[in-house]
Amino acid sequence: MSRYSAAEIEEKWQQAWDKAGLFRAKRAEDKPKYYVLEMFPYPSGRIHMGHVRNYTMGDVIARYKLATGHNVLHPMGWDAFGMPAENAAMASGGHPKDWTYGNIDDMRAQMKPLGLSIDWSREFATCDPEYYGQQQALFLDMLEQGLVYRKNAVVNWDPVDMTVLANEQVENGRGWRSGALVERRELTQWFFRISDFAEELLEALDGLDDWPAKVKLMQANWIGRSRGLQFAFSLIDGPEGHDRIEVYTTRPDTLMGASFVGISPDHPLARQLEKDNADLAAFNAECRRMGTSEEELEKAEKKGFDTGLRVRHPFDTSWELPVYVANFILMDYGTGAIFGCPAHDQRDLDFARKYDLPVTSTYAPQTPDEAFTLPEDGGAAFVPPKTEKVHYVKGFAGDEVQSGEQAIDAAIAFCENNGVGQGVTKFRLRDWGLSRQRYWGCPIPVVHCDTCGVVPEKKENLPIELPYDEDGTPIDFSVPGNPLDRHPTWRDCACPSCGAAARRETDTMDTFVDSSWYFARFTAPRSATPTDMAEAEYWMNVDQYIGGIEHAILHLLYSRFFARAMHATGHLPQKAIEPFNALFTQGMVTHEIYQTRDENDRPVYHLPEDVEDAKLKATGAPVEIIPSAKMSKSKKNVVDPVSIIGAYGADTARWFVLSDSPPERDVEWTAAGAEAAHKHLSRVHRVVSEIAASDTPANDQDDALLREMHKAIHDVTGGVESFGFNAAIARLYAFANTLAKSKAGTQARKQAARALVQLMSPMTPHLSEDLWQTLGGEGLAAAAAWPQPDEAILVDETVTLPIQINGKRRAEISVPKDMDKSEVEKLALAHDAVTKALDGAQPKKIIVVPGRIVNVVI
RNA sequence: GCCCGCGUGGUGGAAUGGUAGACACAGGAGACUUAAAAUCUCCAGGCCGAAAGGCCGUGCCGGUUCGAAUCCGGCCGCGGGUACCA
């Protein structure tokens, strides 16, 4: 009998599937369709365990759906634009295009041996001109519909490298390459009007029943609908053109506790004042040196600058409040100005203490007779809860008992009735800035003309392709800045409108644009328009989308917006505006990070394969171990699955990444498990091969084994359908153990062996295919119909009931499954352990949960 | 900082209000073997005990419940996101 040799069988069966065209998605009305999609990879050059986990999960679903009679669409492509390609070009020469396509070839070659049931005929990369040309067409349609516009926005500017930096490229306020202090710079950029859809994107979350609640919650918080009051403070002796400061607050109920007004350093008033005030100009300049990320702004020390100006409180004209410029106020949110109420907001309280501003409370603990509470020295601010408890609030509503929410509503009503502002609904969601000052992205298809202004490129001129050479010489990425900006010929073009000499837009699109519609393109990847409506009508929506939780907000929100925009521009049917019916967010594959320091004390990261016993293999130098984190190329904490596949085969790798950890949870990679997985598959191979080769008398049965078989079919099917892959695999272990120990020489054994092989086939398709053949199965296992459990056999006749005394398990009884409650009670009370514990007394209470438990309360 | 998760034996985890630790890994004992590998059998949360059995136990503190790993409140730790990483 032959031993299990993955290397021999895996290629053989991959070829057999290929030849049968089993995974080629066919649009046909005879069967229901099923579209399963895993988030496509960035072609970094090597696949890692996260990819293997992600694509194996999708493959299990795809193969299972195929076996249950669906037309399955399971495509694969490449999210191929992005910074790493340009970084590689800058670091070691070459061209981002060559680097990227080389990586794609490498990764495809690493992926194919996994035996994934992918329709490779639909493959594309987002850097293919055929793809991004269609994206440019989408952009033009969106421009025509008013879904794209231009406005100014700030970026991180590296004054030495003369380039825009991503947030990731800013380390402690300095450019990662130059080490120069980063500045903020304002540029005119393109924006998608996603905020126009804020309300709809929020409301539609309710309909996404098969999305994880946590993702919907994160998106809802991100969109951030708030109800508040917008009103103005009148400014005393303000500069020309500034007689009021418009503010937005979600807590108008605390207006009578106002202590100061704060404005953003980018507020028009701040910009006006700094012209005549050198100190303020210096303060604002310092604020503008901070990074642009929300995290950095929020974590920075709260600082303010007293402008010397005063405003009047809207309800008491003699009450004057100082106006501060404060570094924590964002121009992007609300009106770029706030009023501070230190008693009821921690950040305002910290600010007030720092600048010696009054603290006035407007909330009493329980009754109007009690003093309004003030935070004690060093104590925390009292933030009135919106929905819970009731408090007395001073101000607008006659000191009535209310919740915070009622107080807010009352305050808004009062203010509106007294001509102080109006209640408004605002969203946190900002428009999506898509301009990137980089080469390796999809060119924005517009032209700047001195006479016509910004002119859309003509569709017949698409795709606007990225130039590969600069007049015959390769583009030089060692020079700082965007190569498109200094390109001698590409930039110069004719105005599509008047034909005069004009300049092409040199900004490219955010790579999130590329990934916001690829799922739609997969339905008709060679179409001469962005989509083919007949194909989209058939294949959309994605029935099951699988990817990392790190995409819970941006990618998924952008895709939801894009689907709506594509519907509005006639590229997707109405039913596809929510493109992902079901979402599964898999956990990440994590790994420890190994770090040493260079001469400037900057961190240097090392690959796990270069480290042994906390020391560098090469030099023996000790490494610092940083706890497990998401595998990322920049931290070098990545593990190479290729070696696992080489040593044990794809089925072992697939089995391994699905076992043990629940799919939604992070899994820390350890080398130990692969060996064990391989041992088990070898055992299955051996046991099933023996059974196949044995003589079996036709009439010798084993009902217990058949019962186990039906239970296994039931449990494994349930596991696969509910993403309980680890539980399904544990069940398969148990079933394999039962089979191995079962009575030799029965027909039931052959039947059970076949069921085992079939149940394993979504996870270990090659091994299963091989054993299917050994067992004399008809056709390909991959094409065989999924087994059905015999429901009648699954029902247990007797059940074991634990008996608890005061909630602690003390005994158990075996009873018929539908035994009457009172009968169970009698049996339980008669049990030795119970009579002993009762010691002649009567129990206080007996709880009988049929089929589950008996609890005797003494 | 803010939003969202997660925390169970030596390890990965199972149990989603009802017998905590399924199924595996690592470990221990044994069988087979000249030997090793492979394979097979058995043991295994901690403490006390010869055993029967008892007590403790799901990050920490408190609550709800006949009953809590599971629900609620408060902490601690770790991770993801934070709008130009993908």
Side-chain angles (χ1 to χ4, degrees), chain A residues 39 41-42 44 79 81-84 153 155-156 164-170 189 194 212-215 217-222 224 292-300 302 328 332 346-347 428-438 510-512 514-515 548-555 557-558 585 587-588 590 627-630 632-634 659-662 664-668 670 672-673 675-677 679-680 682-683 686 724 726-727 729-734 737 740-741 800-804 806-812 843-847 849 851-857:
Chain A
M39 292 179 186
Y42 177 78
S44 59
D79 188 14
F81 278 132
M83 288 202 303
V155 293
N156 299 307
V164 175
L165 297 177
N167 286 335
E168 196 192 46
Q169 296 173 313
V170 180
Q189 307 196 55
I194 187 172
K214 62 178 171 182
V215 173
L217 191 55
M218 279 190 265
Q219 292 221 350
N221 289 336
W222 183 262
T292 56
S293 78
E294 183 189 309
E295 183 191 5
E296 194 182 337
L297 292 173
E298 287 284 337
K299 281 168 113 168
K302 308 293 178 284
F328 57 87
D332 283 333
Q346 189 58 46
R347 193 170 61 183
R428 206 186 77 99
L429 181 68
R430 308 199 294 256
D431 276 337
W432 170 11
L434 67 120
S435 299
R436 296 293 181 274
Q437 297 70 39
R438 292 178 212 293
D510 178 6
T511 57
F512 270 122
D514 313 337
S515 55
I549 186 68
E550 68 271 25
H551 294 295
I553 297 173
L554 293 181
H555 162 62
L557 191 61
Y558 290 155
T585 53
M588 288 171 300
T590 64
S628 238
K630 166 184 166 182
S632 83
K633 224 184 162 216
S634 61
S659 44
D660 290 348
S661 265
E664 67 276 14
R665 207 163 338 162
D666 290 354
V667 57
E668 180 169 353
T670 58
E675 176 77 30
K679 270 187 193 173
H680 178 72
S682 305
R683 181 164 175 252
R686 190 176 62 248
N726 55 326
I729 283 189
R731 195 65 188 76
L732 284 166
Y733 267 105
N737 288 341
K741 287 174 194 173
T800 306
L801 286 186
I803 299 175
Q804 292 185 331
N806 289 337
K808 295 196 176 210
R809 192 187 67 89
R810 284 293 180 267
E812 56 184 38
K844 278 189 194 148
K845 201 173 179 182
I846 302 174
I847 289 116
V849 184
R852 301 233 69 148
I853 205 159
V854 181
N855 191 8
V856 181
V857 185

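In the text below, chain A, chain B and the rest are named by the order of the sequence lines, each starting its count at 1. Please read all numbers here as calculations on a predicted model, not as lab measurements.
- Scanning for side-chain contact (heavy atoms from CB on, under 4.5 Å) contacts around A:P843 gives A:L829, A:L838, A:I846, A:V856, with sequence neighbours left out.
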What are the atom names and distances for every N/O pair under 3.5 Å that joins the protein to nucleotides 56-58 of chain B?
residue, atom, partner, partner atom, Å
B:rC56, OP2, A:K808, NZ, 3.2

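- In RNA chain B, runs of at least 3 consecutive Watson-Crick or G-U pairs, each pair with both distances below 3.5 Å, span B:1-7 with B:76-82, B:10-12 with B:23-25, B:27-31 with B:39-43, B:45-48 with B:53-56, B:59-63 with B:71-75.
- Residue side chain A:R731 does not reach the base of B:rC23 through any donor-acceptor N/O pair under 3.5 Å, judged by distance alone.
- Residue A:Q189 places a side-chain atom within donor-acceptor reach of the base of B:rC84, judged by atom type and a 3.5 Å distance cut-off alone.
- With sequence neighbours excluded, the residues forming a salt bridge (charged side-chain N to carboxylate O under 4.0 Å, His left out) with A:R428 are A:E294, listed by chain and number.
- Under the rule for a side-chain contact (heavy atoms from CB on, under 4.5 Å), the partners of A:A811 that lie at least two apart in sequence or sit in another chain are A:I803, A:H831, A:A833.
- Nucleotide B:rG45 carries an anti base; the chi torsion (O4'-C1'-N9-C4 or O4'-C1'-N1-C2) is more than 90° from 0.
- As rounded to whole Å, 13 Å separates atom C1' of B:rG12 from atom CD1 of A:I729.
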When every nucleotide of nucleotides 14-19 of chain B is labelled 5' to 3' by its protein contacts under 4.0 Å (heavy atoms), B for base, S for sugar-phosphate only, - for none, what sequence of letters results? S---BB

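- Every side-chain contact (heavy atoms from CB on, under 4.5 Å) that A:Q804 has, sequence neighbours left out, goes to A:I853, A:N855.
- Judged by distance alone with a 3.5 Å cut-off, a donor-acceptor contact links the side chain of A:E294 to the base of B:rG1.
- For A:N167, the side-chain contact (heavy atoms from CB on, under 4.5 Å) test picks out A:N156, A:T292, A:S293, with sequence neighbours left out.
- Distance A:L554 CG to B:rA86 P: 11 Å, rounded to the nearest Å.
- Distances shorter than 4.0 Å separate none of the side-chain N or O atoms of A:K214 from OP1 or OP2 on B:rG5.
- Evaluation of the salt bridge (charged side-chain N to carboxylate O under 4.0 Å, His left out) rule for A:R347 yields A:E298 as partners, not counting sequence neighbours.
- For B:rA69 and B:rG57, the C1' atoms lie 11 Å apart once the distance is rounded to whole Å.
- OP1 or OP2 of B:rA83 has not a single side-chain nitrogen or oxygen of A:R430 nearer than 4.0 Å.
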Which nucleotides of nucleotides 38-46 of chain B have their base under 4.0 Å from a protein heavy atom (B), which only their sugar-phosphate (S), and which neither (-), written as one string 5' to 3'? -SSS-----

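- For A:D514, the salt bridge (charged side-chain N to carboxylate O under 4.0 Å, His left out) test picks out no residue, with sequence neighbours left out.
- Take A:E295 and apply the salt bridge (charged side-chain N to carboxylate O under 4.0 Å, His left out) test, not counting sequence neighbours, and it matches A:K299.
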